[in-house]
Student: 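Got a structure here, written out as structure tokens. Questions coming.
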Amino acid sequence: MSKHRLRGRGRVDASQPVVFTFDGKPYTGLKGDTVASALLAHGVHLMGRSFKYHRPRGAIAAGSEEPNALIGTRRGPGRFEPNTRATVQEIWDGLETNSQNKFPSLKWDVGAVNDAAYMLFSAGFYYKTFMWPRSFWDKVYEPFIRAAAGLGVSPSEEDPDTYASRYLYCDLLIVGAGPAGIAAAREAAGKGLSVVLVDENSEMGGTLLSEPQSKIDGKSAWTWLEDELAALKEAGVKLMTRTTAIGYYHENMIGMVEKLTDHLPTLPADTPRERMWRVRAKQVVLAQGALEKPLVFHGNDRPGVMLAGSAQTYLHRYGVKVGESPVVVTSHDSAWYAAFDLQAAGAYVQAIVDTRPQVRQDLQAEARTRGIPVKLGHTVTATGGRLRINTVRVNPLNGTHVGNGQWIKCDALLMSGGWTPSLHLFSHTKGSLIWDDDLTTFLPKDTPEDCIITGASRGLWGVEAALKDGSVRVGEALSKLGVEATVSDYTVADDRVGTGVTMRELPTDRSAGKAKAFVDFQNDVTAKDLRLAVREGMRSIEHVKRYTTNGMATDQGKMSNINGLNIAADALGKKQPQVGLTTFRPPYTPTTFGAFAGYHRGDHFEVVRKTQIDGWAEENAAVFEPVGQWRRARYFPKAGETMDQAVARECAATRASVGIFDASTLGKIEVVGPDAAEFVNRMYTNPFMKLAPGKCRYGLLLGDDGYIRDDGVIARISDERFHVTTTTGGAARVLTMMEDYLQTEWPDLNVWLTSTTEQWSTVAVNGPNAAKLLQPFVKDFALTEDNFPHMSCVEVEVAGYPARLWRVSFTGEIGFEINVPAPYGRALWETLWDAGQAYDITAYGTETMHVLRAEKGYIIVGQDTDGTVTPYDAGMGWAVGTKKADFVGMRGLKRPDLVAKNRKQLVGLVTEDQSCLEEGAQIVLDPNQPIPMKMVGHVTSSYHQGTTDHPIALALVEGGHSKMGETVYIPMPDRTIAAKVTGTVFVDPENARLKI
Amino acid sequence: MIQIHCPYCGETLPELEFAYAGEAHIVRPESPSEQTDEEWAAFLFLRDNVKGPHFERWRHAHGCGRFFNAVRNTITDRFYITYKAGEPRPDLAKLLEESK
Amino acid sequence: MTRFNALNLVKNALTGHKNWTEQWPDSQPKTEYDVVIVGAGGHGLGAAYYLAKQHGITNVAVIDKGWLGGGNTGRNTTIIRSNYLYDESARLFDHALDLWQDLSQELNYNVMYSNRGCLMLAHTVHDVQSFKRHVHSNRLNGVDNRWLTPQECKEYCPPINIAPDARYPVMGGALQERAGTARHDAVAWGYARGAAERGVDIIQNCAVTAIRRHPDGSVAGVETEKGFIKAKKVAVSASGHNSMVMETAGVRLPLESTPLQALVSEPVKPIFPCVVMSNAVHAYCSQSDKGELVIGSGTDQYVSYSQRGGLPLIEHTVAAISEVFPIFNRMRMLRKWGGIVDNTPDRSAIIGKTPVQNLYVNCGWGTGGFKATPGAAHTLAWTVAKDEPHPINAPFTLDRFRTGRLIDEAAAAAVAH
Amino acid sequence: MSKHISSLAPSVVVDTAAAHVAVTPMTGRISLRARGDLAAIGKAIGVSLPTQIGICAKTDGIEVVCLGPDEWTLLVPLDQIEKVQGALATLAPSLPHSMTEITGREITFQIEGPHAADLMSIGCPRDISTIKVGQARRTLFDGATVVLWRDAETSFRMDVWNSFAPFLASTLETGAKELAAELA
């Protein structure tokens with residue numbers, strides 16, 4: 001049994017010792033301990049160093065609001081996280097922890113020199129200096145500031161754990177399982193509702209865990225708690241512990257993070273570390289309780305200075321005495337009970353120091369009975385001790401006058417500045433707050449959400465008040481849910497209710513300018529910093545916060561916001577609500593990135609769409625590229641080949657004999673109905689009314705602004721049926737755009753659209769031997785020039801599968817696209833592959849496809865166009881049905897700038913020195929001009945692996961169509977390349993190769 | 001994540017099933033070629049962007065696929081009403097009155 | 001006003017910091033100004049500063065409905081860069097970048113401009129083409145931006161995952177070394193202090209409810225919560241609320257306002273040396289001097305002024321960060337917040353004159369307004385002072401939406417195959 | 001890398017105490033779009049078309065769900081597709097409609113087991129309990145559009161475009177194992 005542990009006290013399991021390490025030293029705690037409670041049981045208060053001044057710090061709290069006791073936690077390789085709150089982390093055998101922000105050790109930290117020079121590091125000091133010499137900021141000052149800042153160190157390895165998420169719909173969600181939350185749950189249970197009760201702690205009970213003395217309806221608090229939770233469980237209430245409601249989003253959506261494994265000594269299989277619950281509740285009850293406020297005085301941050309309520313928690317929940325000879329300093333009744341309980345547990349309370357001149361008689365009597373010296377109307381002006389408090393200076397207060405100080409020896413100082421309702425989630429709802437002068441705090445007012453707030457979070461103190469309030473307040477939610485609202489009555493004996501006053505900085509006889517009275521502990525913001533900010537013109541609390549960083553530490557102002565506001569308001573001479581409260585922002589407590597990422601990491605980060613032929617490509621060593629959501633085979637290297645070599649081989653083989661290509665990702669839309677032709681005609685620039693069934697036509701799709709959006713080949717299958725193809729990346733966009741026009745602008749048209757992208761696997765075979773390869777597999781249909789000319793389509797059987805066979809070419813060679821129902825795609829591919837061996841068939845990927853099409857001047861939307869290109873710019877005026885009454889984009893094309901002279905137009909480029917241009921390279925007319933140069937265009941596509949005897953490029957060039965034969969220049973970092981402007985067709989301009 | 005009532009499905013569903021589709025009741029002119037440049041620019045680009053009740057379109061993209069109209073308060077993000085495409089613009093004053 | 005320097009800091013330290021003076025006074029509106037600027041963000045305050053400093057126009061009020069710097073100035077992820085594709089954009093943002101370099105000295109206020117470099121990662125073949133186009137265009141425009149291989153990306157920013165089998169493999173990156181970050185609040189405060197020192201009134205917590213016009217159509221002044229304020233000229237720079245304010249003057253804008261979210265992690269020791277942007281994955285990250293990872297999220301899809309934003313977007317953003325920087329998966333999010341951004345159809349700003357005489361606008365900065373702050377402010381001041389476009393802001397007219405002469409940085413990165 | 005999935009090769013994706021997930025064999029599917037005299041269509045194909053979105057109807061060998069105000073998906077045995085197509089074709093031109101075969105487009109996962117509904121809740125943002133037994137909905141699962149059929153309290157079918165199937169199979173496998181671990 002460690003020195004400060006009380007046998008038989010607390011909810012820890014004395015029969016289960018747990019060994020963990022802190023800074024390499026092993027400590028034994030008990031099952032149920034947090035790191036903080038276990039260290040405190042060993043008398044270890046020093047747990048960390050502060051952000052700016054590197055001052056020694058201990059745990060000030062016992063829960064998730066802890067700003068000081070932040071540690072690194074490790075579970076073997078890859079499982080390390082910084083800034084873990086020691087007051088929350090449960091211990092398990094083998095847990096490794098370490099202190100942070102210190103060098104070389106926690107006890108001797110050289111960073112503490114900052115503390116000595118603290119007068120320089122006042123609020124906003126860095127805005128006022130580090131400006132000279134100019135060059136020093138990047139090289140000297142900033143690196144120095146950065147290295148000094150930060151708390152723990154980042155993880156450095158990939159996280160081996162998994163994370164999960166789930167949606168949950170329920171009738172009633174209750175956040176916080178203290179007395180108010182449990183009472184609310186009791187009224188809701190057993191009424192046929194789905195009820196969820198959630199608490200961030202490892203066990204439910206809230207305040208009751210720290211106040212076992214109270215008796216509820218005749219039962220001891222802990223017995224009552226046990227019975228009540230069992231009854232709730234029995235009634236079907238979903239009870240969730242270690243689950244933090246992190247944010248309140250639109251319309252009663254609550255994000256909750258459940259910690260599943262951080263408390264376990266061994267990790268169970270298939271179990272995620274954390275799970276994000278996205279809860280949608282019809283009604284929400286917020287019962288998050290209240291947080292105790294520190295008092296603000298010189299030296300209030302020394303290890304051993306702690307919130308009185310937290311000392312109570314350590315005593316009752318963990319059986320740990322945080323000091324043997326504590327002093328209590330308070331402005332609120334509640335801390336008196338901490339003194340009484342500690343005294344009862346065997347400590348010698350040196351004094352109760354209360355800033356109030358008058359305190360309840362019964363408390364004073366009780367202190368007398370217990371033999372505790374009481375100092376009413378006193379203040380604390382200093383503390384002593386290097387790494388742990390050993391003395392406190394106490395002075396009498398006479399009005400505003402501070403009398404002579406007296407040092408009292410102690411080993412802990414328990415403070416209470418009163419309580420602040422926890423309004424974080426309520427504020428996320430955009431709920432309004434109202435200032436309560438009596439309680440000197442904000443209280444909840446209205447919220448637009450279906451949300452009720454109860455218990456201490458609306459300013460009620462005491463177990464009985466909380467129980468009754470929870471029971472009553474949930475009634476409104478129950479009525480809205482259509483069940484009877486019932487109310488239970490509660491009688492609580494030995495309840496501890498109290499009142500207090502709110503203090504700003506405690507009065508002192510020392511120079512206020514030199515006092516280190518901390519408001520935001522972690523960020524080392526003192527009361528004088530806040531006053532300085534106000535003096536410098538920061539009048540809004542947001543300005544004060546941002547100028548001083550008060551409330552911006554990892555506790556997000558839970559300890560500091562209200563104290564900061566009170567002091568700033570005082571400095572401004574205004575009431576608190578006129579100064580404002582900073583916005584509470586999600587998450588309620590710092591939340592693991594992994595919990596947000598959930599399943600979406602690594603292979604599962606985002607969907608990877610695969611064609612039915614993808615497996616063949618994978619087995620045949622394809623190199624893939626991501627294209628939108630798809631992965632596509634980019635090229636098929638043979639052993640030792642580079643991409644360029646592979647592409648050159650694939651290009652040559654296709655032009656020489658036959659190549660095979662998986663075109664399944666092309667978007668496909670079936671347009672069906674009596675008005676199908678009319679619809680396609682309105683959407684695309686080209687005329688489609690007279691396209692005969694069995695024929696295909698290239699189609700250009702514009703936006704109504706006149707710019708090219710997409711393109712593709714469109715086949716008329718029958719009078720009332722079109723098979724439209726789109727680009728791979730554009731498929732979803734185009735279908736949405738078509739649906740938009742159809743549903744919104746032309747609902748009178750009798751036509752329907754169905755996505756058939758994935759109905760078909762599309763195998764393209766191209767090359768002089770394509771027809772020869774394919775013919776034997778095509779049932780009863782001759783692939784001759786006469787019977788099946790270029791740009792035709794037919795429904796036939798291919799290799800035994802029903803198919804839509806197209807005679808189209810994106811390569812300039814004889815080309816076919818065979819569409820078969822998707823599942824047969826791979827079988828068809830393999831059939832053709834096997835038969836193609838006789839023709840040295842070559843599989844090619846997107847890269848070769850790009851080269852072959854560029855040699856023919858076929859554009860790729862999104863590469864040769866960029867959203868600012870018209871059909872005329874692209875040299876495709878032939879595709880515009882100028883005689884049509886209208887099509888999408890027709891009016892847009894006539895806008896002034898779209899008909900202006902000297903627009904960028906698509907041309908070919910051939911370099912004079914046979915070098916290959918870089919895609920994206922910029923083009924100028926005068927290579928000798930100074931920078932900034934007048935650029936006239938850029939290279940959109942460029943290849944050297946193709947079948948021409950020189951590299952080719954496509955480019956958008958100002959007035960390019962009238963610059964044929966002229967020389968333009970491409971200035972590169974090392975040289976300038978000259979190129980001749982040409983047409984865009986580099987291979988077979990007569991299209992002779994298309995003929996069978 | 002807001003919740004949206006699809007007037008076709010008759011269900012209130014999470015936003016993830018829906019796609020926003022811009023301001024509502026912007027009708028593509030009958031004869032675009034007769035539009036001036038100013039009129040066409042207004043059709044393409046000018047939007048009310050109101051702070052408060054906003055007429056807008058949504059599509060139940062991962063459900064019935066329909067585009068529909070809605071009035072939503074852009075300050076609270078709450079819907080006053082959703083209604084089918086083609087139905088007339090609801091009386092805003094009446095809607096605001098009812099929502100009180 | 002006390003000069004900010006090390007000597008004064010030491011002097012004040014020795015006297016308990018009692019002698020620092022107000023950085024700007026709490027001004028009440030006068031009845032009349034030469035220029036009223038609506039919106040006390042970095043752009044508006046900066047414009048007032050340059051009006052006073054460079055154009056000698058000091059009878060100026062900057063009016064805000066809340067506290068100065070409380071809009072997008074105080075809510076952004078502070079990325080500063082100028083490697084834009086089009087000449088017009090590159091000139092505007094590079095002008096701003098030039099001003100950023102010495103802004104601390106100019107304002108005698110350390111805005112902590114840190115040119116730690118901005119690396120834009122390419123994850124697809126299309127990204128590579130697009131970013132190389134940027135690199136070449138920038139080079140010929142005199143804007144620094146260079147191409148890095150995946151290995152060089154990793155060396156520049158070690159947390160980047162360059163595994164070739166990643167869902168979005170890193171295929172390279174475009175690095176602008178002059179780019180970086182700054183302390184956003186300090187920019188607003190520095191301009192406010194500098195403007196106030198030169199006689200500008202900064203009027204906070206005073207909403208402008210309408211712009212009033214003379215019978216001849218020209219601007220007469222602004223109606224505010226504290227009454228009418230006469231003004232010879234009015235410039236509106238109220239990001240997130242420009243549509244409403246301008247509507248009262250009868251000017252409709254091609255804007256849609258959407259919620260934009262951002263978040264920070266808990267602070268850790270230096271681990272992330274630069275700014276990294278990954279457009280394909282939607283991951284934008286840097287590390288503040290305080291040690292927090294500062295992460296930009298996306299915009300929600302719908303028009304909204306709620307500053308609330310949804311959880312799914314944040315989930316996606318954090319997943320993207322973990323995808324590109326897997327070592328951060330066990331880090332924790334400290335807080336997230338929302339802003340309202342005005343988006344134009346071409347994602348470029350509108351700066352300058354409006355159809356209403358003596359009414360000027362500076363709007364439509366989308367998610368990228370912070371980096372432009374000094375440049376936008378400087379050229380807006382010129383335009384207001386001279387009633388004519390500055391050569392740099394001249395292309396950013398309202399009229400371009402009629403003519404079709406857009407500056408479409410978004411379309412230039414369009415994806416389709 | 002996730003596996004390849006084909007409706008030609010039905011397979012078990014995962015089998016745990018919480019849920020069993022399998023790829024079902026290929027079945028015939030037709031997307032039907034129509035307005036007007038739905039009774040005539042119902043008569044022609046032998047099953048009356050439900051008019052409320054999400055409602056299903058079933059007769060021998062043919063199952064239909066209403067997915068939109070003018071949209072239905074028909075599930076028919078492979079050898080019956082032509083017959084249904086023929087029956088619908090006779091209605092044109094007097095009754096305009098669109099009929100598109102989508103047999104090859106989709107993969108169907110059969111999801112059964114005591115925690116099948118919980119498994120749906122890991123990827124489906126809507127409230128699963130509002131899909132009553134015998135109904136179906138088009139919705140989202142882990143980012144992909146799916147049609148979710150509820151055949152029993154603990155039995156679902158999920159239709160998804162085939163390219164998304166490997167990704168969703170991985171989600172379902174992870175989830176089923178996770179749910180089983182909770183039971184342990």
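Any value given below was found using the heavy atoms of this structure, including those in side chains, with hydrogens, waters and symmetry copies removed. Quick note on labels: first sequence line is chain A, next is B, and so on, each numbered from 1.
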Student: Is D/S129 close to chain A through its backbone or its side chain, or both, or neither, when contacts mean heavy atoms under 4.5 Å?
Tutor: neither
Student: Is D/E71 close to chain A through its backbone or its side chain, or both, or neither, when contacts mean heavy atoms under 4.5 Å?
Tutor: neither
Student: If you tally heavy-atom pairs under 4.5 Å against chain A, which of D/A34, D/A184, D/G175 wins?
Tutor: D/A34
Student: For chain A, which residues of residues 8-27 of chain D have at least one non-hydrogen atom nearer than 4.5 Å to it?
Tutor: D/L8, D/M26
Student: Identify which part of A/S761 has an atom lying under 4.5 Å from any heavy atom of chain D, answering side chain, backbone, both or neither.
Tutor: neither
Student: Identify which of D/S6, D/P125, D/C124, D/G123 forms the greatest number of heavy-atom pairs closer than 4.5 Å to chain A.
Tutor: D/P125
Student: Determine whether the side chains of A/T611 and A/S664 contain a donor N or O and an acceptor N or O closer than 3.5 Å.
Tutor: no
Student: Based on non-hydrogen pairs under 4.5 Å, which of A/R280, A/E720, A/R721, A/R278 is most in contact with chain D?
Tutor: A/R721
Student: Compute whether any side-chain donor of one residue and acceptor of the other, for D/E112 and D/T154, lie under 3.5 angstrom apart.
Tutor: no
Student: Under a 4.5 Å heavy-atom cutoff, which of D/P96, D/A181, D/S7 has the most pairs with chain A?
Tutor: D/P96
Student: I'd like to know if D/E178 pairs up with A/R166 as an ion pair, taking the criterion as any Lys NZ or Arg NE/NH1/NH2 lying under 4.0 Å from an Asp or Glu carboxylate oxygen.
Tutor: yes
Student: Does any heavy atom of chain D fall under 4.5 Å from the side chain of A/E606, the backbone, both, or neither of them?
Tutor: backbone
Student: Between A/R275 and D/E182, does any side-chain N to carboxylate O distance fall below 4.0 Å?
Tutor: yes
Student: Measure D/R35 against the heavy atoms of chain A and call it side chain, backbone, both or neither at under 4.5 Å.
Tutor: both
Student: Given the options A/P823, A/S165, A/G825, which has more heavy-atom pairs under 4.5 Å with chain D than any of the others?
Tutor: A/P823
Student: Could you tell me if A/W829 and A/D662 have a donor-acceptor pair between their side chains, going purely by distance under 3.5 Å?
Tutor: no
Student: Among side-chain atoms of A/T665 and A/R632, is any donor-acceptor pair under 3.5 angstrom?
Tutor: yes
Student: Go through the side-chain N and O atoms of A/T756 and A/H723 and say whether any donor and acceptor fall under 3.5 Å apart.
Tutor: no
Student: So, the side chain of A/R804 versus the backbone of A/V796: is there a donor-acceptor pair under 3.5 Å, distance only?
Tutor: no
Student: Which region of D/I5, side chain (C-beta onward) or backbone (N, CA, C, O), has a non-hydrogen atom less than 4.5 Å from a non-hydrogen atom of chain A, or is it both or neither?
Tutor: backbone
Student: If only side-chain N and O atoms count, and only distance matters, is there a donor-acceptor pair under 3.5 Å linking A/R609 with A/T757?
Tutor: no
Student: Residues of residues 99-106 of chain D under 4.5 Å from chain A (heavy atom pairs)?
Tutor: D/M99, D/T100, D/E101, D/I102, D/T103, D/G104, D/R105
Student: Any donor-acceptor pair under 3.5 Å linking the side chain of A/D675 with the backbone of A/L749?
Tutor: no
Student: Salt bridge between A/D450 and A/K282, side-chain N to carboxylate O under 4.0 Å?
Tutor: no
Student: Heavy-atom distance under 4.5 Å to chain D: side chain of A/L260, backbone, both or neither?
Tutor: neither
Student: In terms of heavy-atom contacts, does CD of D/E82 have more than 12 from other residues, nucleotides or ligands at under 6.0 Å?
Tutor: no
Student: Do NZ/NE/NH1/NH2 and the carboxylate oxygens of A/E274 and A/R242 come within less than 4.0 Å?
Tutor: no
Student: Shorter than 4.5 Å, heavy atoms on both sides: which option in A/G602, A/P272, A/A827 has the most such pairs with chain D?
Tutor: A/P272
Student: If you count the non-hydrogen atoms of other residues, nucleotides and ligands that lie under 6.0 Å from CG in D/D79, is the total more than 12?
Tutor: yes
Student: Of all heavy-atom pairs between D/S98 and A/T754, which one has the smallest distance, and what is that distance?
Tutor: OG-OG1, 4.4 Å
Student: Is there a donor-acceptor contact under 3.5 Å linking the side chains of D/W149 and D/D159?
Tutor: yes
Student: Between A/W630 and chain D, with a heavy-atom cut-off of 4.5 Å, which part of the residue counts as in contact: side chain, backbone, both or neither?
Tutor: side chain
Student: So what's closer than 4.5 Å to chain A heavy atoms on D/S31: side chain, backbone, both or neither?
Tutor: side chain
Student: Classify the ring geometry between A/H600 and D/F167 as parallel (under 30°), tilted (30 to 60°) or perpendicular (over 60°).
Tutor: parallel
